[in-house]
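Worksheet: the structure to be examined is printed underneath.
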Amino acid sequence: MLRTHTCGELRAEHDGQRVTLCGWVDTYRDHSGVLFVDLRDRYGKTQVVFAPEGGGNALAQAKLLRGEDVISIAGAVAPRPEGTKNPKMATGEIEVRAQHLEVLNKSQNPPFHPTAKELPGEDLRLKHRYLDLRRPKMQQTLMLRHRIVKIMRDYIDELGFIDIETPMLGRSTPEGARDYLVPSRVQPGAFYALPQSPQLYKQILMVAGYDRYSQIARCFRDEDLRADRQPEFTQLDLEMSFIDADDIMGVIDGLVARLAKEILGIELTLPLPRMTYDEAMERFGHDAPDLRFGMELIDLTDIAREAGFQVFRNTAEGGGRVRGINAKGAADRYSRKLIDELTRFVCEDFGARGLAWFKVDAEGKLASPIAKNFSEDSLAQIAERMEAEPGDLLLFVADRFDVTCKALNALRKRLAGELKLYKPGDMHFSWVVEFPMFERDDETGGWAAMHHPFTAPRKQDFDLLDTAPQQCRAQAYDLVINGMEAGGGTIRIHNSDVQSKVFRLLGIDEATAEDRFGFLLEALQYGAPPHGGIALGLDRVVTLFGGGDSIRDVIAFPKTQRATDLMTGAPGQVDIRQLKELGLNVPR
RNA sequence: GGGGGCGUAGCUCAAUUGGUUAGAGUACUGGACUGUCGAUCCAGUGGUUGCGGGUUCGAGUCCCGUCGCCCUCGCCA
């Protein structure tokens with residue numbers, strides 16, 4: 001046995017015990033006659049003392065130690081002398097008086113030290129990820145991830161779900177995200193696709209009678225990266241039979257409550273609040289609203305029609321909307337220059353044509369360069385509708401509905417951050433339900449599935465499939481945490497007639513449907529039970545529960561924005577012979 | 001594909017309007033020190049200012065291109 005204890009567990013009660021510790025040299029303090037080493041492993045740090053009394057040549061050896069050397073020390077646990085205890089360390093009551101030192105492996109001078117005060121650039125951290133992962137923060141995060149996965153697995157096991165693995169090598173389905181493709185050697189010119197999700201397989205499993213399936217599944221999407229998007233990511237994937245949307249949400253409510261309690265120590269009231277998609281778009285302009293703060297979108301279209309201000313009136317009369325938000329007490333904080341920057345923000349990044357604004361003066365009157373265009377009466381109506389009080393800053397966008405949503409949602413989130421409308425530890429969990437079945441496909445002008453083409457419409461909306469598809473709402477539900485989509489799911493279509501109708505609406509003809517999903521359509525004809533499911537984004541959940549802001553920090557080996565691995569150099573060139581075997585001819 | 005930010009010593013950063021030999025902290029190397037804990041003190045090594053080109057008497061600084069990382073719009077059923 002190389003070690004008897006970890007570097008995090010020794011306490012005063014171990015006084016006198018002879019122990020062996022292994023770990024990395026965190027810091028060393030050489031006082032000539034006595035030398036201290038803080039020895040680190042993922043459990044913590046322990047102070048090791050090398051002194052002449054230790055005997056042998058341990059002290060002389062210790063003088064050669066440097067940061068990140070891997071060592072083993074044997075010695076006796078002793079309480080620290082009075083006045084030298086360190087309350088900042090969990091093991092600060094004691095120290096280990098080293099009698100023997102073995103250098104297991106010297107380290108080169110590392111490009112950065114895992115416990116340095118200043119965090120190095122992310123690219124350097126990724127290049128030397130083994131050093132970065134030695135950082136206590138990263139170790140805590142990966143251990144948090146483990147705990148969350150354990151809670152998830154235990155919970156769904158208690159509910160009778162069984163874990164079934166589905167293939168990584170599957171079939172490409174051109175809908176949705178771009179696939180990662182894997183060439184087949186045995187069939188030159190043919191390709192597998194890595195799964196974007198186990199969607200089709202888990203539906204097949206329902207047909208097969210495994211009424212409660214779950215998997216912690218790796219998924220792949222070849223799309224551009226973001227702080228919350230990686231090309232490969234992990235989902236807690238579930239599917240159930242003989243259930244409705246309430247049942248699925250109930251299962252996840254229970255899981256979220258358990259996670260909140262065990263990870264955060266928060267008691268949640270269940271069921272988690274629910275809001276329809278339409279309400280979310282109306283009140284917040286986004287389908288994953290951040291409910292940690294208010295500052296809701298307020299509609300002024302009716303007032304705008306009569307207000308006299310040309311821009312507002314034209315928008316209102318042209319079928320657009322005039323909506324705004326009230327940044328309470330923010331008037332002083334936002335100078336003309338800063339408001340110009342907000343204007344640039346909503347116009348350049350979110351397509352708004354302008355940003356109208358008023359500051360509410362001490363008398364409660366609306367002041368703005370555009371105020372002269374409004375009648376006194378209109379200004380009063382606007383003030384009342386916006387619940388304006390002295391010191392408030394009112395901001396308005398007049399445009400198509402979708403533009404007001406995008407612009408005001410972005411503005412609302414930005415202002416909330418700048419005005420600190422929520423605290424770092426705040427958490428808010430909710431559901432957004434009843435998404436539209438279809439949205440307009442900008443490229444083809446036809447309908448596109450908002451979720452995926454197997455999503456079932458609400459029962460009362462079945463007839464709308466024929467008459468007014470745009471009004472048709474899906475049995476869909478998204479879990480939203482702090483304004484981030486943490487997961488989503490739907491009740492699936494288990495009837496092949498309905499499925500065919502949906503395919504027709506999506507412009508997928510019979511031959512195409514047969515070619516791509518024939519196996520599923522066929523399966524649906526052999527006794528498919530009513531079923532549905534959900535997938536939670538594990539990386540996002542861990543990020544949110546850990547209070548971080550990038551999923552890269554909760555993934556051991558993430559990719560950069562250009563989807564490269566800075567440590568291994570992936571993706572890389574391959575041997576020409578490999579390409580030949582695969583029947584591939586690519587430009588180099 | 002578009003917009004933006006950043007790139008200076010191993011690391012984190014500074015460098016006035018374009019102006020002397022590009023600095024500081026830390027790390028590293030050597031020395032001093034028997035109770036430190038971000039040890040301290042003394043001395044030292046360390047630079048193709050990402051790369052290429054241009055403007056200029058003179059470029060870390062300005063211009064063009066390019067590479068890398070990050071943010072973001074599009075995209076992500």
Side-chain angles (χ1 to χ4, degrees), chain A residues 26-39 45-54 59 63 66-68 78 80-89 91-92 95 97 107-128 131 173-179 196-197 199-200 219-231 233 344-351 406-407 410 414 435-439 441-443 447-455 474 476 485 488 490 502 506 508 535 537 549-550 552 559-562 564 566:
Chain A
D26 191 60
T27 55
Y28 56 93
R29 298 175 288 281
D30 185 353
H31 290 247
S32 185
V34 61
L35 186 150
F36 303 92
V37 167
D38 287 344
L39 194 60
K45 285 198 275 191
T46 298
Q47 174 166 285
V48 180
V49 186
F50 294 89
E53 310 87 84
L59 175 60
K63 282 182 180 295
R66 292 297 178 270
E68 301 313 301
R80 293 196 188 184
E82 217 42 57
T84 66
K85 296 188 194 308
N86 187 344
K88 282 186 285 186
M89 286 174 85
T91 61
E95 62 195 13
R97 308 257 163 91
S107 171
Q108 291 203 359
N109 184 30
F112 61 91
H113 284 274
T115 56
K117 224 179 15 172
E118 288 158 328
L119 195 62
E122 190 173 10
D123 44 353
L124 196 73
R125 293 171 50 204
L126 291 173
K127 182 169 184 203
H128 303 277
L131 294 175
T173 55
E175 286 80 20
R178 199 175 290 115
D179 283 321
Q196 296 182 26
S197 87
Q199 181 62 34
L200 299 179
C219 305
F220 303 84
R221 291 177 192 176
D222 187 4
E223 296 291 346
D224 285 356
L225 287 75
R226 290 281 192 288
D228 60 353
R229 274 162 33 189
Q230 281 276 301
F233 58 100
R344 188 212 59 75
F345 176 65
V346 295
C347 293
E348 285 181 22
D349 294 351
F350 299 94
K406 280 184 185 175
R414 176 173 172 160
F435 282 70
M437 279 287 285
F438 308 103
E439 60 191 344
D441 186 327
D442 290 337
E443 282 170 37
W447 294 110
M450 191 139 178
H451 204 81
H452 58 58
F454 317 107
T455 299
E485 180 193 334
T490 63
V502 169
L506 295 173
I508 302 173
D549 41 35
S550 165
R552 292 189 297 275
K559 304 280 193 288
T560 68
Q561 200 162 56
R562 283 189 64 245
T564 61
L566 293 181

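Proteins get letters first, then strands, A, B, ... in listed order; numbering begins at 1 in each. All values derive from a computational prediction rather than experimental measurement.
Nucleic acid contact for A/L35: none, since no nucleic acid atom lies under 4.0 Å from a heavy atom of the residue. Nucleic acid contact for A/T560: sugar-phosphate only, since backbone atoms but no base atoms lie under 4.0 Å from a heavy atom of the residue. Here A/D349 lies in heavy-atom contact (under 4.0 Å) with sugar-phosphate atoms only. At the heavy-atom level, A/D222 lies nowhere under 4.0 Å from the strands shown. Contacts of A/A448 with the nucleic acid, taken as non-hydrogen atoms under 4.0 Å apart, are absent. Within 4.0 Å of A/F454, counting heavy atoms only, lies no atom of the nucleic acid at all. Residue contacts for A/P81: at a heavy-atom cut-off of 4.0 Å it reaches a base atom on one of the strands shown. Across all strands shown, A/R552 has heavy atoms under 4.0 Å from sugar-phosphate atoms exclusively, and none from any base. Within 4.0 Å of A/G121, counting heavy atoms only, lie sugar-phosphate atoms of the nucleic acid but no base atom. Nucleic acid contact for A/K406: sugar-phosphate only, since backbone atoms but no base atoms lie under 4.0 Å from a heavy atom of the residue. Residue contacts shown for A/L126 are absent, as no nucleic acid heavy atom lies under 4.0 Å away. Counting any heavy atom pair closer than 4.0 Å across all strands shown, A/A51 reaches no nucleic acid atom.
Contact annotation: A/R414 does not reach the phosphate of B/U72 (side-chain N/O to OP1 or OP2, under 4.0 Å). For the pair A/R226 and B/C73, the criterion of a side-chain N or O lying under 4.0 Å from OP1 or OP2 is met. Contact check, A/T27 against B/C37: no side-chain N or O comes under 4.0 Å of OP1 or OP2. Phosphate proximity of B/C28 to A/Y28: present, with a side-chain N or O under 4.0 Å from OP1 or OP2. Distances shorter than 4.0 Å separate none of the side-chain N or O atoms of A/S32 from OP1 or OP2 on B/A32. OP1 or OP2 of B/U36 has not a single side-chain nitrogen or oxygen of A/R29 nearer than 4.0 Å. The shortest distance between the side-chain N/O atoms of A/T564 and the OP1/OP2 oxygens of B/C69 is below 4.0 Å. Taking only side-chain nitrogens and oxygens, A/Q47 never comes nearer than 4.0 Å to OP1 or OP2 of B/U36. For the OP1/OP2 pair of B/G68 and a distance below 4.0 Å, the side-chain nitrogens and oxygens of A/R562 include at least one atom meeting the criterion.
With centres under 5.5 Å and a plane angle under 30° as the test, the ring of A/H113 is not stacked against the base of B/A27. Stacking here means ring centres nearer than 5.5 Å and ring planes tilted less than 30 degrees, and by that measure A/F36 stacks onto B/U36.
Comparing B/C70, B/C33, B/U36 by their nearest atom to the side chain of A/R80 picks out B/U36. Closest to the side chain of A/Q561, out of B/G74, B/C70, B/G35, is B/C70. Counting only heavy atoms from C-beta on, A/E118 has its side chain closest to B/G25 among B/C76, B/G25, B/C71. Distances from the side chain of A/R66 to the nucleotides B/C70, B/G30, B/G10 place B/G30 closest. With B/U72, B/C37, B/U34 as the candidates, the nucleotide lying closest to the side chain of A/A227 is B/U72.
For the pair A/N109 CG and B/A9 C1', the interatomic distance rounds to 13 Å; values are reported in whole Å. Atom NE2 of A/H31 and atom P of B/C41 are 12 Å apart (whole Å). Look at NZ on A/K127: it is 18 Å from C1' on B/C70, rounded to the nearest Å. Rounded to whole angstrom, the span from the CZ atom of A/F50 across to the P atom of B/A39 amounts to 16 Å. Between the CG atom of A/D30 and the P atom of B/U34 there is a distance of 10 Å, given to the nearest Å. For the pair A/L119 CG and B/C11 C1', the computed distance is 11 Å after rounding to whole Å. Atom CZ in A/F345 sits roughly 15 Å away from atom P in B/C71 (whole-Å rounding). Distance CG (A/L59) to P (B/G35): 13 Å, rounded to an integer number of Å.
Side chain A/D224 to base B/C75: no donor-acceptor pair is found below 3.5 Å. Not a single donor-acceptor contact under 3.5 angstrom links the side-chain atoms of A/R221 to the base of B/C76. For a distance-only test at 3.5 Å, the side chain of A/E95 qualifies as a donor-acceptor partner of the base of B/G35.
Taking 4.0 Å as the cut-off between side-chain N and carboxylate O, A/D38 and A/R29 count as a salt-bridged pair. In this structure, A/E122 pairs ionically with A/R552, as a charged nitrogen and a carboxylate oxygen lie closer than 4.0 Å. Between A/R66 and A/E68 there is no salt bridge, since no side-chain N of the basic residue sits under 4.0 Å from a carboxylate O of the acidic one.
Taking a pair to require two hydrogen-bonding distances under 3.5 Å in either a Watson-Crick or a G-U wobble arrangement, B/G68 pairs with B/C6. When Watson-Crick and G-U wobble pairs are counted only if both distances are under 3.5 Å, B/U17 pairs with no nucleotide at all.
Using P as the reference atom, B/C71 and B/A27 are 30 Å apart when rounded to the nearest Å. For the P atoms, the distance from B/G25 to B/A43 is 11 Å, rounded to whole Å.
Along RNA chain B, the nucleotide nearest A/E53 and the nucleotide nearest A/S550 are compared for position; the residue whose nucleotide lies closer to the 5' end is A/E53.
Side chain of A/Q196 to backbone of A/A177: a donor-acceptor contact under 3.5 angstrom is found. Here the side chain of A/K63 pairs a donor or acceptor atom with the backbone of A/S32 at under 3.5 angstrom.
For NZ of A/K85, the number of neighbouring non-hydrogen atoms (other residues, nucleotides, ligands) closer than 6.0 Å is greater than 12.
Residues A/N109 and A/H113 share a closest heavy-atom pair of OD1-NE2, 4.1 Å. Closest approach of A/P453 to A/V502, counting heavy atoms only: O-CG1, 3.7 Å.
Taking the six-membered ring where tryptophan is involved, the planes of A/F438 and A/W447 are tilted, since the angle between them lies from 30° to 60°.
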